[in-house]
Colleague: 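Mind having a look at this structure? Questions to follow.
Quantities reported herein were computed from a predicted structural model and do not represent experimental measurements.
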Amino acid sequence: FAFPVRVCEAQLPRELPENSATFGGRPLPAITRNPSKYVLLGDTGLRVKPRNLGTCARFAQEKLYGIKQCAEIVPFSPDLVKGSYQATVQWPLESITDRAAEERPDVVVHVGDYLYRQGPCAQGEGCEDINNAVDVSMPGQWGDNWNGWFADFFEPSATLLQAAPWIVLRGNHETCARGGHGFFMFLDPRPLPEDWTADYCAERTDMYQVPFENEQFLIVDDSWVKDADVDSNDYLQCPEPNGRVQGNAPAVGAPMQEDVEYFSAQFHALEAASQSHVTNVYLGHHPLLAIVCYKGHYIPVSQTMQQALAANPTMLDRISATFTGHVHFFQGLVFEDHSLPASLVVGNGGTKLLDLEIENHAVFDGALGFGGAKVQSSGSADLFGYSTMRRSALSGSYFDINSFHVGGRGAGVSSMWAASVPAVRSVRHRGIAGRTVWPWLQRFVPATMPVLVAIALLCIMTVIRAAMLTGGVDSAVQAVASLGSTRGGRTPLLCRHSKSYEMKASCSDFGDQVRHAATTQY
């Protein structure tokens with residue numbers, strides 16, 4: 001792991017005006033405790049994942065950056081070439097970050113996966129310029145070393161790095177077997193241990209928060225989660241019966257109970273941390289609430305994360321939105337009545353996209369998400385770009401989320417999707433197993449409205465008749481008026497004692513039976 005560079009870190013104040021500080025002769029971007037605009041992106045590196053360069057007849061068990069090394073080299077044959085390769089001319093990261101810098105964000109959020117260059121490029125794949133010119137088997141501009149990190153992240157992101165401070169997450173490409181050493185050296189916000197060497201890498205890290213004045217970001221390290229391989233060429237177009245996606249998803253794989261318990265504990269800590277702010281945003285690499293198409297079925301991306309969430313359903317109560325990546329496309333979901341936080345997958349930051357051939361970009365409208373929550377509006381696209389979040393100019397109680405498509409160098413920018421989500425969600429009462437009751441009531445009440453109206457009329461007629469029998473018309477009018485009153489927050493009951501009827505908050509003082517107006521017989 002070759003890192004012939006010096007990395008320095010310093011604690012900066014929470015407020016730093018523009019051009020007020022320099023580091024190494026370079027001005028530092030402004031820091032504010034009350035950001036108004038965020039840029040969101042993820043999965044940005046050049047996809048080079050060789051399985052055979054066309055020159056290997058037999059592989060050893062030894063791996064470098066997660067790639068098996070060749071044990072028997074043979075002359076090049078295009079029939080032997082295997083792997084996933086992205087031509088450098090089809091990698092628009094620099095265009096994306098340059099355009100995102102023009103947004104003048106206060107903060108940039110990167111949801112992980114910076115280093116995709118896991119090995120050399122095979123002949124004829126359009127990315128050969130990353131190879132070592134002397135020995136293709138030796139790292140060139142690839143691998144978990146300074147050359148790989150500089151070429152895959154720092155150089156093409158330079159303009160955006162100078163524009164604003166960043167919140168940086170760890171993706172599955174930054175695990176210790178892939179790019180974790182460089183991640184901890186350059187990006188992880190925690191102080192390095194005193195005995196640090198370039199070999200240092202932690203397999204897991206605990207959740208933490210980045211608090212601002214009005215909102216807080218809650219960050220989970222889910223880089224090592226193992227789930228169904230939805231990030232593959234097996235990604236298929238799913239059916240749209242009656243214009244709606246299938247709501248019930250079959251389970252894919254069996255998450256390890258130990259992992260579920262680990263993330264359940266992380267979510268418990270996250271929920272405790274969320275109490276300091278009324279507005280919180282969840283950040284992770286693996287999608288928490290996203291819905292994808294896998295082998296002809298609609299499924300949640302991470303079974304492990306959703307099972308951990310099921311054990312902590314109230315964790316979402318103070319979350320306004322979730323921003324994640326991992327799946328190489330863009331997806332935005334807003335749920336009916338905001339019963340779940342808005343979900344954004346920003347895995348379209350530059351790496352090779354999934355070939356989805358999406359014709360209907362609102363394909364997930366009507367899909368059922370976690371806990372049966374229904375998608376009200378959605379947007380999905382296999383297009384490169386970035387997203388922004390800012391407090392609404394019309395109402396500070398809402399966030400405006402906009403997602404943009406950015407083409408290659410010199411290409412224009414176009415809008416892909418837009419949504420407005422509340423900065424503070426109104427959490428409904430929860431029923432059994434943490435399921436939200438309010439959406440059920442909203443479906444139930446319209447369907448039963450005629451019956452409810454009939455019962456209400458029967459109640460009024462019954463009360464009027466009872467009052468007329470005991471006290472005349474004036475008493476009847478008073479009885480009807482008292483139907484709308486409450487005492488101590490409790491619904492009044494119609495109480496009977498001998499031949500008199502009174503509206504009471506409680507019937508404990510009456511010796512006879514208590515009947516609701518709708519069922520009392522006189």
Colleague: Could you tell me whether a side-chain N or O of H405 sits under 3.5 Å from a main-chain N or O of M416, the two making a donor and an acceptor?
Modeller: no
Colleague: Quick check on the 6.0 Å ring-centre criterion: do F153 and W166 meet it?
Modeller: yes
Colleague: Side chain of T97, backbone of L93: donor and acceptor closer than 3.5 Å?
Modeller: yes
Colleague: Any sub-3.5 Å donor-acceptor pair from D221's side-chain atoms to R204's backbone N or O?
Modeller: no
Colleague: For a quick check under 3.5 Å, do Q216 and N280 share a side-chain donor-acceptor pair by atom type?
Modeller: yes
Colleague: When you measure from the side chain of Q69 to the backbone of I67, do you find a donor-acceptor pair of N or O atoms at a distance under 3.5 Å?
Modeller: yes
Colleague: What heavy-atom pair brings A373 and L340 nearest, and what distance separates the two atoms?
Modeller: CB-CD1, 3.5 Å
Colleague: Quick check: does any side chain N or O of Q266 sit under 3.5 Å from a backbone N or O of Y262, one acting as donor and the other as acceptor?
Modeller: no
Colleague: For residues E155 and A151, report the shortest heavy-atom separation together with the two atoms involved.
Modeller: OE1-CA, 4.5 Å
Colleague: Main chain of H286, side chain of D222: is a donor-acceptor contact present, judged purely on distance under 3.5 Å?
Modeller: yes
Colleague: Please determine whether the number of non-hydrogen atoms from other residues, nucleotides or ligands lying under 6.0 Å from atom CZ of R104 exceeds 12.
Modeller: no
Colleague: Let me see the working for H173 and Q118 under side chain to side chain contact (heavy atoms under 4.5 Å, CB included), right down to the final yes or no.
Modeller: CA-CA 9 Å; H173 281 260; Q118 293 181 248; 3.5 Å; yes
Colleague: Do I96 and F384 have side chains that get closer than 4.5 Å, going by heavy atoms?
Modeller: yes
Colleague: Is the F186 ring parallel, tilted or perpendicular to the F3 ring (thresholds 30°, 60°)?
Modeller: perpendicular
Colleague: So, the side chain of S264 versus the backbone of E261: is there a donor-acceptor pair under 3.5 Å, distance only?
Modeller: no
Colleague: Are D113 and E174 packed together at the side-chain level, in the sense that at least one heavy-atom pair is separated by less than 4.5 angstrom?
Modeller: yes
Colleague: Which heavy-atom pair separates F150 from P156 by the least distance, and what is that distance?
Modeller: O-CD, 3.7 Å
Colleague: Once you round to the nearest 0.5 Å, how far does CG of L16 lie from CZ of R33?
Modeller: 12.0 Å
Colleague: Mark yes or no for whether N131, through its side chain, and P120, through its backbone, hold a donor-acceptor pair below 3.5 Å.
Modeller: no
Colleague: Does a sphere of radius 6.0 Å around CD in Q275 hold more than 12 heavy atoms from other residues, nucleotides or ligands, not counting ones at 6.0 Å or beyond?
Modeller: yes
Colleague: Any donor-acceptor pair under 3.5 Å linking the side-chain atoms of T351 with those of D43?
Modeller: no
Colleague: Walk me through whether R391 and F399 qualify under side chain to side chain contact (heavy atoms under 4.5 Å, CB included).
Modeller: CA-CA 4 Å; R391 285 194 177 265; F399 285 117; 3.4 Å; yes
Colleague: Is the backbone N or O of K82 less than 3.5 Å from a side-chain atom of R51, with the two atoms forming a donor-acceptor pair by type?
Modeller: no
Colleague: For side chain to side chain contact (heavy atoms under 4.5 Å, CB included), just list the numbers for V225 and D259, CA-CA rounded to whole Å, side-chain angles, deciding distance to a tenth of an Å, and then say yes or no.
Modeller: CA-CA 8 Å; V225 170; D259 296 349; over 6 Å; no
Colleague: What's the verdict on side chain to side chain donor-acceptor pair (under 3.5 Å) for T32 and N34, showing C-alpha distance, side-chain angles and the deciding distance?
Modeller: CA-CA 5 Å; T32 176; N34 187 19; over 6 Å; no
Colleague: Looking only at non-hydrogen atoms, find the nearest pair between G143 and Y65 and report the distance.
Modeller: CA-CE1, 3.3 Å
Colleague: Report yes or no: does Q303 contribute a side-chain atom to a donor-acceptor pair with the main-chain N or O of Q307 at less than 3.5 Å?
Modeller: no
Colleague: Output the distance between atom CZ (R170) and atom CG (L187), rounded to the nearest 0.5 Å.
Modeller: 11.0 Å
Colleague: If you measure from NZ on K374 to CG on D365, what distance do you get to the nearest 0.5 Å?
Modeller: 10.0 Å
Colleague: Considering all heavy atoms of both residues, which atom of V48 and which atom of Y85 are nearest to each other, and what is their separation?
Modeller: CG1-CD2, 4.1 Å
Colleague: P105 and V39: which non-hydrogen atoms are nearest, and at how many Å?
Modeller: CB-CG2, 3.7 Å
Colleague: Taking the six-membered ring for Trp, are the ring centroids of W224 and F263 within less than 6.0 Å of each other?
Modeller: yes
Colleague: Using a 4.5 Å cut-off on heavy atoms from C-beta on, say whether the side chain of D382 contacts that of L354.
Modeller: no
Colleague: Which distance, rounded to the nearest 0.5 Å, do you find between the CG of L40 and the CZ of F323?
Modeller: 5.0 Å
Colleague: For E103 and Y386, does a side-chain donor sit closer than 3.5 Å to a side-chain acceptor?
Modeller: yes
Colleague: Would you check if P139 and N147 make a side-chain contact, meaning some heavy-atom pair closer than 4.5 Å?
Modeller: no
Colleague: Indicate yes or no: at least one non-hydrogen side-chain atom of L41 is less than 4.5 angstrom from one of V108.
Modeller: yes
Colleague: Mind jotting down which residue pairs meet the ring-ring contact (aromatic ring centres under 6.0 Å, His included) criterion with at least one end in residues 14-54? Sequence neighbours excluded, please.
Modeller: Y38-F217
Colleague: Side chain to side chain contact (heavy atoms under 4.5 Å, CB included) between V107 and V210: does it pass, once the steps are laid out?
Modeller: CA-CA 11 Å; V107 176; V210 178; over 6 Å; no
Colleague: According to side-chain hydrogen bond (donor to acceptor under 3.5 Å, both in side chains), who are the partners of R190, at least two apart in sequence or on a separate chain?
Modeller: D188
Colleague: Are the side chains of Y114 and S157 in touch, meaning some heavy atoms are under 4.5 Å apart?
Modeller: no
Colleague: Quick one: are H181 and C201 in side-chain contact, heavy atoms under 4.5 Å?
Modeller: yes
Colleague: Assign the ring pair H285 / H326 to parallel, tilted or perpendicular, where the plane angle (0 to 90°) is split at 30° and 60°.
Modeller: perpendicular
Colleague: To the nearest 0.5 angstrom, please state how far the CG atom of L383 sits from the NE2 atom of H361.
Modeller: 6.5 Å
Colleague: Once you round to the nearest 0.5 Å, how far does CG of L289 lie from OG1 of T324?
Modeller: 8.0 Å
Colleague: Looking at side-chain heavy atoms only, is the closest gap between E125 and V81 below 4.5 Å?
Modeller: yes
